[in-house]
Amino acid sequence: MLERLSNKRILLGVTGSIAAYKAGEVVRRLREQGAEVKVIMTHAATEFVTPMTFQALSGNPVYEHLLDTNAEAAMGHIELARWADAILVAPASADFLARLRLGRADDLLMAVCLASDVPLAVAPAMNNKMWSDPATEDNIRVLRSRGVLTFGPDSGEQACGDTGVGRMQAPELLISHLAELFETGALAGLHVLVTAGPTREALDPVRFFSNKSSGKMGFAIARAAIEAGARVTLISGPVSLETPDSVQRRDVVSAQEMYDAVMAKMEDVDIFIGTAAVADYRPDTILAQKIKKTDENLQITLIKNPDILSTVKQRYPACFCVGFAAETQNLEHYARNKLHDKAVDMIAANWVGADTKGGFDSDKNAIRLVWREGEQELPMMSKAKLARELVSHVAQRFYVRHKSALSGDNILHFNQKESTDST
Ligand code: C5P
């Protein structure tokens with residue numbers, strides 16, 4: 001379950017409580033699970049632990065001040081709020097809970113909590129009398145009614161010598177509760193390589209052959225794979241799309257460049273998803289000068305490009321390979337043929353005919369997934385949603401195929417070196 005934290009961005013708020021020293025352990029464990037962590041400290045927290053401690057443990061600068069122009073210019077409170085996938089305030093002091101209930105924005109942590117719409121969890125830590133005081137009880141009740149999650153507190157011996165409810169919940173419990181906020185970790189620990197967009201095959205210095213692919217589907221898949229906890233490499237042809245967060249992107253132009261870039265990365269790839277609309281042919285020579293329109297007829301010889309998908313499968317048979325089939329007719333038939341001819345594990349087939357609503361440049365698409373033992377229709381929906389569904393099916397098929405290699409749930413690496421009998 002903890003793999004759900006892989007690639008998640010956690011903002012940890014630390015407030016003024018003796019339990020602040022345990023927040024270091026929270027940071028350490030979050031990072032162990034693959035989460036990225038940024039820490040915001042209140043002024044009172046810095047009386048207990050130094051920012052340097054959290055900077056060293058999180059590997060990121062620690063944020064303290066709301067009205068610091070330098071800090072705001074680097075990453076202001078709104079950017080911090082947008083950056084996070086979840087906010088955990090641990091320890092959360094009685095004063096912090098009171099201010100949160102009032103909706104104050106008088107320090108950086110409060111301003112970020114107000115400006116954010118991601119899940120907010122608090123781990124109260126205070127003396128047991130402070131915890132059972134009607135004011136604190138009332139604050140907690142109101143905060144819960146607004147959707148703030150409370151983790152703990154636990155009961156036991158306290159720093160002040162009292163015994164009772166008010167101890168901050170143990171770091172391992174805090175992060176296991178936090179992990180439950182995230183839906184999947186279906187691809188945690190795996191390296192996924194996605195190709196996307198069109199390729200351009202140069203004819204002369206200003207002309208090229210290409211196609212209508214926008215890259216949207218491939219980019220959505222890269223994002224969905226990150227959400228599912230994978231490490232993602234995206235190799236893209238020329239598109240005008242922003243790189244999804246945490247994705248490692250490499251831009252290429254021609255099919256040959258895409259082929260070279262893919263092969264250079266394949267060493268530890270577990271899942272290859274070829275969404276790119278790779279040009280099947282390229283001009284046999286790229287002319288040094290622009291072609292003049294002197295002749296009535298112009299003959300261009302095209303030569304075949306390497307097939308990236310089938311080469312990947314041939315050389316790396318253990319890699320789970322998914323191909324796309326964009327068809328204008330006989331979808332089912334061509335998809336099954338492609339599955340067989342390219343010897344891949346799954347084909348995602350979609351219509352790209354003139355009369356279809358989804359496809360190349362659209363934000364929507366519908367897909368028929370085909371694998372050896374079955375198939376699944378994914379009806380018309382946004383490419384973002386479709387990508388999540390596709391990733392979930394890929395993860396299921398991947399684990400079915402590797403079931404025998406699994407012992408327990410903790411072996412998540414199937415990275416396989418190039419087979420020796422290839423090519
Ligand atoms: O053979 P066809 O081009 O229809 O196959 C489409 C699938 O093969 C897509 O997944 C595409 O990314 C991949 N492909 C490739 N290299 C090529 C041609 C297609 O990887 N040269």
Side-chain angles (χ1 to χ4, degrees), residues 192-202 208-222 225 232-239 249-266 269 271-284 302-317 319-353 356 358-360 365 367-371 378 383 386-387 390-391 393-394 397 422-423:
V192 176
L193 194 153
V194 182
T195 63
T199 64
R200 280 183 190 168
E201 309 303 323
F208 54 80
F209 291 101
S210 192
N211 58 62
K212 289 200 279 187
S213 169
S214 63
K216 286 178 183 167
M217 194 66 227
F219 276 57
I221 290 172
V232 178
T233 304
L234 175 63
I235 297 180
S236 176
V239 295
R249 171 171 170 184
R250 164 93 203 273
D251 285 333
V252 295
V253 176
S254 67
Q256 187 60 50
E257 277 176 32
M258 186 172 276
Y259 177 93
D260 294 339
V262 166
M263 294 310 157
K265 285 278 173 198
M266 275 310 297
V269 171
I271 298 174
F272 175 88
I273 307 181
T275 52
V278 186
D280 293 324
Y281 293 92
R282 66 172 183 273
D284 66 342
L302 299 175
I303 53 171
K304 217 167 187 184
N305 274 325
D307 191 307
I308 303 169
L309 178 63
S310 25
T311 313
V312 163
K313 190 64 197 176
Q314 247 171 46
R315 291 200 186 164
Y316 300 89
C319 177
F320 190 93
C321 290
V322 184
F324 268 68
E327 305 293 349
T328 55
Q329 55 181 332
N330 293 339
L331 189 74
E332 173 78 35
H333 174 71
Y334 285 127
R336 287 252 160 238
N337 280 355
K338 209 160 284 187
L339 188 74
H340 180 262
D341 295 346
K342 302 205 183 205
V344 290
D345 301 280
M346 187 183 268
I347 288 287
N350 63 311
W351 294 102
V352 289
T356 46
F360 272 153
N365 207 0
I367 276 178
R368 180 182 288 256
L369 289 181
V370 179
W371 60 95
L378 303 178
K383 284 186 175 171
L386 192 65
L390 181 134
V391 160
H393 282 282
V394 168
R397 302 313 310 165
S422 67
T423 44

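Keep in mind that this is a model prediction, so the values were computed, not measured. Both counts, for ligands and for their atoms, begin at 1 and track the order of listing.
Take Arg282 and apply the salt bridge (Lys or Arg N to Asp or Glu O under 4.0 Å) test, not counting sequence neighbours, and it matches no residue. Asp251 is linked by a salt bridge (Lys or Arg N to Asp or Glu O under 4.0 Å) to Arg249, counting only residues two or more places apart in sequence or in another chain. For Glu332, the salt bridge (Lys or Arg N to Asp or Glu O under 4.0 Å) partners are Arg336, Arg368, not counting sequence neighbours.
Among protein residues, Gly274, Ala276, Val278, Asp280, Pro306, Asp307, Ile308, Leu309, Gly323, Phe324, Lys338, Lys342 come within 4.0 Å of ligand 1, judged on heavy atoms.
Using modelled atom types, one side-chain atom of Ser210 and one backbone atom of Thr199 make a donor-acceptor pair closer than 3.5 Å. Distance alone, capped at 3.5 Å, is enough to place a donor-acceptor pair between the Glu201 side chain and the Ala255 backbone.
Between Asp345 and Cys321 the shortest side-chain heavy-atom distance falls below 4.5 Å.
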